[in-house]
Amino acid sequence: MQHILVLGGGAAGLAAALAAAQTAKGSAHITVLDRNAKVGKKLLATGNGRCNLDNRDISPERYFTSSPKALRRLLDAVNEAAPLAWFEGLGLYPRTDEAGRVYPYSNQAADVLALLEHHLAALGVELRTGCTVRSLSQSRGGYDLQFETEAGRESLRADAVICAMGGEAGPQFGTDGFGTRFAAQCGGRMAPLYPCLTALQCARPRKSLAGIRAKGCASLLDGTDGRMLAREMGEVQFTDYGLSGICIMQLSGLLAPGRGPKQPVVALDLFPALSEAELSALFARRAGLLGGAAEFWLGLLPAKLGRALWADAGLPEDARALPASAWPKLAAAAKCWRFEGLTPCGWKQAQTTGGGLLLDEVEDDFQFKGCPGLYFVGETLDCAGSCGGYNLHWAFGSGILAGRSAAKRRPAPAPRKKKKT
């Protein structure tokens, strides 16, 4: 009987194991090895515990990669695998919000994991936890794996191996970067890893604003020439180290080593619905109605935020004593409030890993080129999605395709015994 080994019990790994079991229909033994005490640890945290498992508007533009041409090829294959329809076939009933984000109707990530575990158990998939992978090598047309448990070192042989161990992001969920390191050891070409979908640290953080939130538009600029690289609408969160919020995390995906701007700048527009001239006129009208800087911001911005913006524009405290030229200056500051010296926060805060095994290194079924029966899926690859279900769409879809492909492979024939002479 063929043995399929899945390394990693996260979204991609569980989908791969279940898809392989569905395809094999009892003709293969499937084992999942996970480092944690329970599978699906990171899956339980997705969507703030609600599991944003897909998006109705999947497009290549929502992903960060160094290989856009290969991404289109692979994303077409993932879309054809239809992860959401696959889940519905398992009994999941989804709901979609106004932004196209798809959740289980119960809004419980635990239900998605329980659904997967139910079907895995029904199809006889073996789940082994507390396993730390040490090495994987080709052997006799298959693969030999060395791993450790509390009981000591063990080994397994498999006809096909699906590597779904994630990247470096979220070490608190049990990831240790083995998947991407192993891909490099196999001779795969790699894009440098970087924390993706994470908050940004600023060279001069506004610590007094920590905890304040404001809706607006955040733009990523190239500080060397002023070019705007991307714009994201949403809520910005000010922290004691810099900036956070979904719109900021989206921009962090563009800070890939060697591809991102050398001097990244985030410019905040706190009044995106108004032009600079309209905002200047609004400020001028308010000056005659309200007193100093504190009262001036009533109903517009949190007082602390308004005072910081006022100070950055270089205006004195008394709003009623200001010349007419002050309002265009304040409007300009409010429409383009610059934060410089940006660096992504570390792996613990990152939602996913940017970089990884280049997409040109895998076939349409996510089999590693030149290594029959070896697959790399999910976060091990140089493909990071935006916030909103894009990463789970990629993880589930790539896992489904790899699992189906692995189950269709014919196991290598056993070595012939030498005749006694």
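For Gln108, there are no side-chain hydrogen bond (donor to acceptor under 3.5 Å, both in side chains) partners two or more places apart in sequence or in a different chain. With sequence neighbours excluded, no residue forms a side-chain hydrogen bond (donor to acceptor under 3.5 Å, both in side chains) with Ser208. With sequence neighbours excluded, the residues that form a ring pair (Phe, Tyr, Trp, His ring centres under 6.0 Å) with Phe366 are Trp394. In this view, Tyr103 satisfies the ring pair (Phe, Tyr, Trp, His ring centres under 6.0 Å) rule with no residue, not counting sequence neighbours. Checked against ring pair (Phe, Tyr, Trp, His ring centres under 6.0 Å), Phe87 has the following partners two or more places apart in sequence or in another chain: Phe396. Annotation: side-chain hydrogen bond (donor to acceptor under 3.5 Å, both in side chains) contacts of Arg259 (sequence neighbours excluded): none. Considering only residues two or more places apart in sequence or on other chains, Ser244 meets the side-chain contact (heavy atoms from CB on, under 4.5 Å) condition with Ala199, Gln237, Thr239, Tyr241. Arg153 is linked by a side-chain hydrogen bond (donor to acceptor under 3.5 Å, both in side chains) to Glu148, counting only residues two or more places apart in sequence or in another chain. Every residue two or more places apart in sequence or in another chain that forms a ring pair (Phe, Tyr, Trp, His ring centres under 6.0 Å) with Phe178 is listed here: Phe182. Listed by chain and number, the residues in a side-chain contact (heavy atoms from CB on, under 4.5 Å) with Thr129 are Val39 (sequence neighbours excluded).
Under the 30°/60° scheme for interplanar angles, the aromatic rings of Trp297 and Phe283 are found to stand perpendicular.
In the model, Thr23 has no side-chain atom that pairs as donor or acceptor with a side-chain atom of Arg404 under 3.5 Å. If you check the side chains of Tyr63 and Ser386, you find no donor sitting under 3.5 Å from an acceptor. Checked by atom type, the side-chain pair Asp54/His393 shows a donor-acceptor distance below 3.5 Å. A donor and an acceptor atom, one from each side chain of Trp347 and Gln172, are nowhere located under 3.5 Å apart. Donor-acceptor pairing under 3.5 Å is recorded for the side chains of Ser66 and Asp382. With hydrogens and angles left out, the side-chain atoms of Glu126 and Thr31 include a donor and acceptor closer than 3.5 Å.
How far CG of Leu43 is from CG of Leu53: 8.5 Å, rounded to the nearest 0.5 Å. Atoms CZ and CG, on Arg62 and Asp57 in that order, are 8.0 Å from each other to the nearest 0.5 Å. Going from atom OG1 of Thr46 over to atom CG of Asn52 covers 7.5 Å, rounded to the nearest 0.5 Å. In this structure, CG in Asn391 is found 7.0 Å from CD in Glu379, a value given to the nearest 0.5 Å. To the nearest 0.5 Å, atoms CG (Asp111) and CG (Leu116) are separated by 11.0 Å. A distance of 6.5 Å separates CG of Leu136 from CG of Leu7, quoted to the nearest 0.5 Å.
Checked by atom type and distance alone, the side chain of Lys369 pairs as donor or acceptor with a backbone atom of Asp360 at under 3.5 Å. Formation of a donor-acceptor pair under 3.5 Å by the Ser252 side chain with backbone atoms of Met249 is found in this model. In this structure, the side chain of Asp222 does not engage the main chain of Gly226 through any donor-acceptor pair within 3.5 Å. Remark: side-chain polar atoms of Lys335 are paired, donor with acceptor, to backbone N or O of Phe271 under 3.5 angstrom. The closest donor-acceptor contact from the side chain of Thr175 to the backbone of Gly177 lies at 3.5 Å or more, if one exists at all. A donor-acceptor pair is defined here as one N or O able to donate and one able to accept, closer than 3.5 Å; such a pair exists between the side chain of Ser275 and the backbone of Glu278.
Here ring-ring contact (aromatic ring centres under 6.0 Å, His included) pairs that include residues 207-227, with residues two or more places apart or in two chains, number zero.
Enclosure of atom CG in Leu254 by more than 12 non-hydrogen atoms of other residues, nucleotides or ligands within 6.0 angstrom is indicated. Around the CD atom of Glu80, the shell of radius 6.0 Å holds no more than 12 heavy atoms that belong to other residues, nucleotides or ligands.
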Without placing hydrogens or testing angles, list every side-chain donor-acceptor pair under 3.5 Å for residues 186-198, not counting sequence neighbours.
residue, atom, partner, partner atom, Å
Arg189, NE, Glu361, OE1, 3.3
Arg189, NH2, Glu361, OE1, 3.3
Tyr194, OH, Gly253, O, 2.7

Next item on the list: Could you go through the side-chain contact (heavy atoms from CB on, under 4.5 Å) check for Leu282 and Leu274 one step at a time?
Entry: CA-CA 9 Å; Leu282 172 64; Leu274 299 175; 4.0 Å; yes
